J.: 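Structure below; questions to follow.
This chain uses plain numbering: 1 for the first residue, then up along the sequence. A quick note: this is a predicted structure, and the numbers were derived from the prediction, not measured. What's counted below: heavy atoms across the whole structure, side chains too, no hydrogens, waters or symmetry copies.
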Amino acid sequence: MDTILTTVLTRLAAEQVEEISAEKFDEIMRQHQRRVYRVIFLLVRDRDAADNLTQECFLRAYLKRATFRGECRIETWLLRIAVNLTRDHGKSRRVSFWKRLVGLEQGEEGGAEPRQYPAPGLSAEHTLLVREELAAVWNALSSLSPQQRTIFFLRYEEEMSLAQIASLLDLAVGSVKSQLARATGKLREMKEKQWK
């Protein structure tokens, strides 16, 4: 009975979705821009790339706004676009890296390290310790698969529910749970090795 009611409500909501006007889209962009940027930045760890990918995300969403069917929240739709752009960006960076390595393409390597700014008033020693700890955390996170890292960030940084993550990444909730468990287990294991 509940599934029939859910299906009917979903269809009604989809039928009631109007095309998103330019003015409405501007409001949507202002409302969701920070979160989209934050998710992208956590995945690419490069401010310039995050800026560019955020702009590209909203450009694609604007151009495809007529295809939004209302089957999910607008935020979920935008984050799905952002995650897909981030995946594409990672693939193109890997290809570019190998081309530069074998001499097929000239250019400088983009900075993947997060920019670090010391807090005012902290000693140089304390700042160095914080930087080392931050580098260890980023190294540990870098050891995760891209999907595990994405799920980990969405769960713990964006505080999304497992169902929201599953919807965003087009995965089953069980897959999200198992990937999250593997990610946290691997991070715990790395932390224990570091403290011994």
J.: Only counting residues at least two apart or in another chain, list the ones meeting side chain to side chain donor-acceptor pair (under 3.5 Å) with Gln55.
T.: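 None.
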J.: Taking Ala50's backbone N and O only, do any of them form a donor-acceptor pair with Thr54's side chain (distance below 3.5 Å, no angle check)?
T.: yes
J.: Is a salt bridge present between Asp26 and Arg30, judged by a nitrogen-to-oxygen distance below 4.0 Å?
T.: yes
J.: To the nearest 0.5 Å, what is the distance between CD1 on Ile40 and OG1 on Thr86?
T.: 5.0 Å
J.: Checking Phe152 now: which residues fulfil ring pair (Phe, Tyr, Trp, His ring centres under 6.0 Å) with it, not counting sequence neighbours?
T.: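 Expected list: Tyr156.
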J.: Once you round to the nearest 0.5 Å, how far does CD of Gln33 lie from CZ of Arg38?
T.: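 Those atoms lie 12.0 Å apart.
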J.: Stepwise, does the side-chain contact (heavy atoms from CB on, under 4.5 Å) test hold for Leu171 with Gln179?
T.: CA-CA 11 Å; Leu171 296 171; Gln179 291 290 330; 5.6 Å; no
J.: Measure the CG-CG distance between Leu144 and Leu187 for me, rounded to the nearest 0.5 Å.
T.: 4.5 Å
J.: Rounded to the nearest 0.5 Å, how far apart are CG of Leu85 and CG of Asn52?
T.: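 Here the interatomic distance stands at 11.0 Å.
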J.: Please report the interatomic distance CG(Leu79) to CG(Leu168), rounded to the nearest 0.5 Å.
T.: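 With rounding to 0.5 Å, CG (Leu79) is 5.5 Å from CG (Leu168).
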J.: If you draw a 6.0 Å radius around CZ in Arg35, do more than 12 non-hydrogen atoms from other residues or ligands fall strictly inside?
T.: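 Enclosed.
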J.: For Arg34, enumerate each residue passing the side chain to side chain donor-acceptor pair (under 3.5 Å) test, keeping only those at least two apart in sequence or located in another chain.
T.: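 Partners of Arg34 under the side chain to side chain donor-acceptor pair (under 3.5 Å) test: none.
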J.: Using the six-membered ring of Tyr62, assess whether NZ or CZ of Arg65 lies under 6.0 Å from its centre and within 45 degrees of the ring axis.
T.: yes
J.: Closest heavy-atom contact between Cys57 and Ala82?
T.: SG-N, 3.8 Å
J.: Quick one, Arg182 with Ser145, criterion side-chain contact (heavy atoms from CB on, under 4.5 Å). Give me CA distance, side-chain angles, the key distance, then yes/no.
T.: CA-CA 10 Å; Arg182 286 186 192 124; Ser145 73; over 6 Å; no
J.: Rounded to the nearest 0.5 Å, how far apart are CG of Leu78 and CZ of Arg60?
T.: 13.0 Å
J.: Which heavy atom of Trp77 sits nearest to which heavy atom of Lys64, and what is that distance?
T.: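 It is CZ2-O, 3.8 Å.
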J.: Looking only at heavy atoms, which two atoms of Ala49 and His89 are closest? And how far apart?
T.: CB-NE2, 3.8 Å
J.: Judged by atom type as modelled, is there a donor-acceptor pair below 3.5 Å linking the side chain of Arg155 to the main-chain atoms of Met160?
T.: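 Judged by distance alone, yes, a pair lies under 3.5 Å.
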J.: I'd like to know whether Asp170 forms a side-chain contact (heavy atoms from CB on, under 4.5 Å) with Arg80, so could you lay out the CA-CA distance, the side-chain angles of the two residues, the decisive distance to 0.1 Å, and finally the verdict.
T.: CA-CA 9 Å; Asp170 285 331; Arg80 185 175 293 149; 3.7 Å; yes
J.: If you compare all heavy atoms of Arg149 against all heavy atoms of Ser142, which two are closest, and at what distance to 0.1 Å?
T.: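 The pair with the smallest heavy-atom distance is NH1-O, 3.4 Å.
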J.: Mind listing the closest non-hydrogen atom pair of Ala172 and Ala166 along with its distance?
T.: C-CB, 4.1 Å
J.: In terms of side-chain heavy atoms, does Thr150 have a donor or acceptor partner in Arg87 at a distance below 3.5 Å?
T.: no
